[in-house]
Amino acid sequence: LPAKFDWRDKAAVAPVRNQQACGSCWAFSVVGAVQSAHAIEGSQLEQLSVQQVLDCSIKNEGCNGGSPVRALNWLKQTRVKLVPQSEYPYKAKTGICHFFSQSHDGVAVKNFAAHDFGGQEEAMMGQLLEHGPLAAVVDAVSWQDYQGGIIQHHCSSQWSNHAVLVVGYDTTGDIPYWIVQNSWGPTWGNEGYVYIKIGGNICGIADSVAAVIL
Amino acid sequence: SSEELNRRRVYFQDARKRQAYLNSFSTAPQSAKYGINQFSDLSQKEFRDLYLRASADRAPHFSGPKTEG
């Protein structure tokens, strides 16, 4: 494994977005992983519709919350194509699902792999390199006050409540850390990103991790 | 309203105390810093109810070789 790796350097990560007052982090993490996987395959990086996942993944609860794995199951089973964000813009409210024909341009998910990497964060690095950015669920209670730097304390595992996108890691300094894109806008944290110490499953970063296969 | 303003002021003061506690663990230069951000005038319950709405389905343990611990 390289000592540091960041999918942003490969132009495979879309800019940080803002979920606003809607519990849609689960949809942002899944759509982030899909749009990155699409770019890694060789397509132009394009923002895909979070609102489509929010409205149409009916086993989740829209702005009232959801699970990335459930959303990926829905994408895999229905083979629904995610359309560009410009065609189905984000409204920060759950709405009625808009259907598009199968001939409409979009990105479909063939499969996904969800694992618990507790105690195996190096293997998680390998998964990141192999498949692209990973959708993960974390404990983000202390993130209400986060301003920047590497989180090493005040973050439990097994009490997950927030979904994010792991886009890279850096082990070259004194404290190795994950580079994690959040969906609370670019003014939060490190320009919208949070750094989490690697090892010890800080914030439960390794508890439930999904890689997308297109 | 002034009632709302007072409530937000209390939440903000609570946040300052909470941040001081969290920062007391941040001794190394790269450690996380906690302070005022766009959520500082929300109560912890409001923050949880609005932003912490994800759940995790149980995922199988990765079956590759153990590399830590």
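In what follows, chains carry the letters A, B, and so on, assigned in the order in which the sequence lines appear, proteins first and then strands, with residues in each chain numbered from 1.
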Asker: Shortest non-hydrogen contact from B/Ser55 to A/Pro68?
Answerer: O-CD, 3.7 Å
Asker: Evaluate A/Trp184 against B/Phe47 for ring pair (Phe, Tyr, Trp, His ring centres under 6.0 Å), listing each step before the verdict.
Answerer: CA-CA 12 Å; A/Trp184 293 343; B/Phe47 178 73; 5.4 Å; yes
Asker: So with a 6.0 Å cut-off around CD of A/Glu41, is the heavy-atom count from everything else above 12?
Answerer: yes
Asker: Give, for atom CD of A/Gln144 and atom CD of B/Gln19, the distance between the pair rounded to the nearest 0.5 Å.
Answerer: 8.5 Å
Asker: With a 4.5 Å heavy-atom cut-off, do A/Gln127 and B/Phe62 have their side chains touching?
Answerer: yes
Asker: At a 4.5 Å cut-off on heavy atoms, which part of A/Asn60 comes close to chain B: side chain, backbone, both, or neither?
Answerer: neither
Asker: Out of A/Gly65, A/Ala113, A/Ala206, return the one with the most heavy atom pairs under 4.5 angstrom to chain B.
Answerer: A/Gly65
Asker: How many angstroms lie between CG in B/Leu52 and CH2 in A/Trp143, if you round to the nearest 0.5 Å?
Answerer: 9.5 Å
Asker: Using a 4.5 angstrom heavy-atom cutoff, name the option from A/Gly66, A/Ala114, A/Gly23 with the most pairs to chain B.
Answerer: A/Gly66
Asker: Would you say B/Arg58 has more than 12 foreign heavy atoms packed within less than 6.0 Å of its CZ?
Answerer: no
Asker: For atom CG of A/Asp174, is the number of surrounding heavy atoms from other residues, nucleotides or ligands below 6.0 Å larger than 12?
Answerer: no
Asker: Take atom CD of B/Glu3 as the centre, draw a 6.0 Å sphere, and report whether it contains more than 12 heavy atoms from other residues, nucleotides or ligands.
Answerer: no
Asker: Can you say whether A/Val138 sits under 4.5 Å from chain B via the side chain, the backbone, both, or neither, judging by heavy atoms?
Answerer: neither
Asker: Distance from B/Gln30 atom CD to A/Asp170 atom CG, nearest 0.5 Å?
Answerer: 8.5 Å
Asker: When the ring planes of B/Phe25 and A/His153 are compared, do they come out parallel, tilted or perpendicular, using 30° and 60° as the limits?
Answerer: tilted
Asker: Taking A/Gly118's backbone N and O only, do any of them form a donor-acceptor pair with B/His61's side chain (distance below 3.5 Å, no angle check)?
Answerer: yes
Asker: Quick check on the interface: out of A/Ala163, A/Ser208, A/Ser160, A/Gly148, who has the most heavy-atom pairs with chain B under 4.5 Å?
Answerer: A/Gly148
Asker: Around atom CD1 of A/Ile58, are there more than 12 heavy atoms of other residues, nucleotides or ligands at under 6.0 Å?
Answerer: no
Asker: Is A/Gln20 close to chain B through its backbone or its side chain, or both, or neither, when contacts mean heavy atoms under 4.5 Å?
Answerer: backbone
Asker: Please say whether more than 12 non-hydrogen atoms of neighbouring residues, nucleotides or ligands are located less than 6.0 Å from CZ in B/Arg7.
Answerer: yes
Asker: Just so I understand: if I count every heavy-atom pair under 4.5 Å between each of A/Arg70, A/Met124, A/Glu61, A/Gln152 and chain B, which residue has the most?
Answerer: A/Arg70
Asker: Do the side chains of B/Arg53 and A/Asn161 get nearer than 4.5 Å, heavy atoms only?
Answerer: no
Asker: Side chains of B/Arg18 and A/Ser142: any donor to acceptor distance under 3.5 Å?
Answerer: no
Asker: Which one, A/Tyr177, A/Trp26, A/Tyr146, leads in non-hydrogen pairs under 4.5 Å with chain B?
Answerer: A/Tyr146
Asker: Heavy atoms under 4.5 Å from chain A: which residues of residues 31-44 of chain B carry them?
Answerer: B/Ser31, B/Ala32, B/Lys33, B/Tyr34, B/Gly35, B/Ile36, B/Asn37, B/Gln38, B/Phe39, B/Leu42, B/Ser43, B/Gln44
Asker: What part of A/Gln19 gets within 4.5 angstrom of chain B, counting heavy atoms only: side chain, backbone, both, or neither?
Answerer: side chain
